Amino acid sequence: MKILIIGMLGSGKSTLAYELSRHFSLPRLNLDEVSRDPQTGAYRSDEDCRRRIDEFARRCSDWVAEGSQQKLYCRLSPDLIIHTDVSRFIAAWRFTRRFFKAYRLIGKNVDPNLPVQPYHYRRPTVTKILQWDRCNGVLNREIKEYTASIALPVIKIKSRRDYPALFRRLKHFTD
């Protein structure tokens with residue numbers, strides 16, 4: 001089972017990927033960490049990103065990947081797409097809350113598999129909060145184009161309340 005989770009900033013992609021990874025014992029690929037160095041926040045070259053994604057895909061036959069960078073997730077060949085399609089208000093609230101949670105983690109030893117990491121606290125995050133609608137307008141257009149261009153099942157998740165039904169559906173998908 002190869003699952004790709006896409007959605008706007010703060011829609012719950014990382015949290016859902018973490019839960020699916022734990023529940024189904026799947027390796028997890030966080031595309032934010034592919035595109036940026038988690039320690040410095042510096043962006044990696046496109047070539048380095050492609051190499052990292054290709055390495056992961058060669059190493060893992062089943063996986064869950066999440067992110068909102070179309071140029072990265074288009075390199076993957078998932079069996080299923082999950083679109084975390086939450087309200088704008090909820091996503092903005094979560095994204096802002098994650099920023100402050102990350103601040104409290106700076107300098108602490110944090111499990112790298114957790115959805116909130118210290119590197120989420122940095123200047124580009126503030127810019128994204130201030131330019132919320134523009135950033136997500138671009139992401140939503142890319143998601144619409146991508147899902148229209150592929151012949152794969154797309155499951156929309158509106159909230160955490162959808163998780164139990166999703167997990168049951170995925171259990172049947174793997175049987």
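Every value quoted in this text rests on a predicted model; they were computed, and no experiment measured them. Values reported hereafter were calculated over all heavy atoms of this structure, with side chains retained and with hydrogens, waters and symmetry mates removed.
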Expected output: side-chain Arg44 to main-chain Arg36 donor-acceptor under 3.5 Å: yes
Minimal non-hydrogen separation, Phe167 against Phe24, with atom names: O-CZ, 3.7 Å
For the student: nearest non-hydrogen atoms of Ile157 and Ser159, plus distance: CG2-O, 3.5 Å
Candidate pair Thr15 and Tyr163, rule side-chain contact (heavy atoms from CB on, under 4.5 Å), full reasoning: CA-CA 11 Å; Thr15 300; Tyr163 283 17; 4.1 Å; yes
Glu55 CD: over 12 foreign heavy atoms closer than 6.0 Å: yes
CD-CG distance between Glu142 and Leu139, expressed to the nearest 0.5 angstrom: 6.0 Å
Spacing of Arg50 atom CZ and Ser45 atom OG [to the nearest 0.5 Å]: 7.5 Å
Nearest non-hydrogen partners of Ser35 and Leu72, listed with the distance: CB-CD1, 3.7 Å
Trp63-Tyr73 co-clustered via ILVMFWY side chain contacts under 4.5 Å: yes
Side-chain donor or acceptor of Ser68 paired with backbone N/O of Ile6 under 3.5 Å: no
Check: Gly137 main-chain N/O paired with Arg141 side-chain donor or acceptor under 3.5 Å: yes
Heavy-atom side-chain proximity of Asp46 to Lys71 below 4.5 angstrom: yes
Side-chain donor or acceptor of Ser21 paired with backbone N/O of Leu26 under 3.5 Å: yes
Closest non-hydrogen atom pair between Ser11 and Thr84, with its separation: OG-OG1, 2.5 Å
Co-membership, hydrophobic cluster, residues Ile150 and Leu76, 4.5 Å side-chain: yes
Straight-line distance of Lys158 NZ to Ile90 CD1, nearest 0.5 Å: 12.0 Å
Whether Lys13 side chain and Leu4 backbone form a donor-acceptor pair below 3.5 Å: no
Interatomic distance, Ile155 atom CD1 to Leu166 atom CG [nearest 0.5 angstrom]: 5.5 Å
Any donor-acceptor pair under 3.5 Å from Arg160 side chain to Leu16 backbone: no
From OG1 (Thr96) to CG (Leu9), nearest 0.5 Å: 10.0 Å
Considering all heavy atoms, the nearest Ser149-Tyr146 contact: OG-O, 2.8 Å
Residue from Glu66, Glu19, Arg94, Arg28 passing side chain to side chain donor-acceptor pair (under 3.5 Å) with Ser14: Glu66
Worked check of side-chain contact (heavy atoms from CB on, under 4.5 Å) between Leu29 and Phe56: CA-CA 8 Å; Leu29 179 63; Phe56 178 82; 3.7 Å; yes
Contact summary for Asp79 and Pro153, nearest pair of heavy atoms: O-CD, 3.6 Å
Arg51/Asp54 salt bridge by N-O under 4.0 Å criterion: no
Asp85 vs Ile143 side-chain heavy atoms within contact, under 4.5 Å: no
N-O pairing of Asp62 and Lys2 below 4.0 Å: no
Inter-residue atom distance Leu31.CG - Gln69.CD, 0.5 Å rounding: 5.5 Å
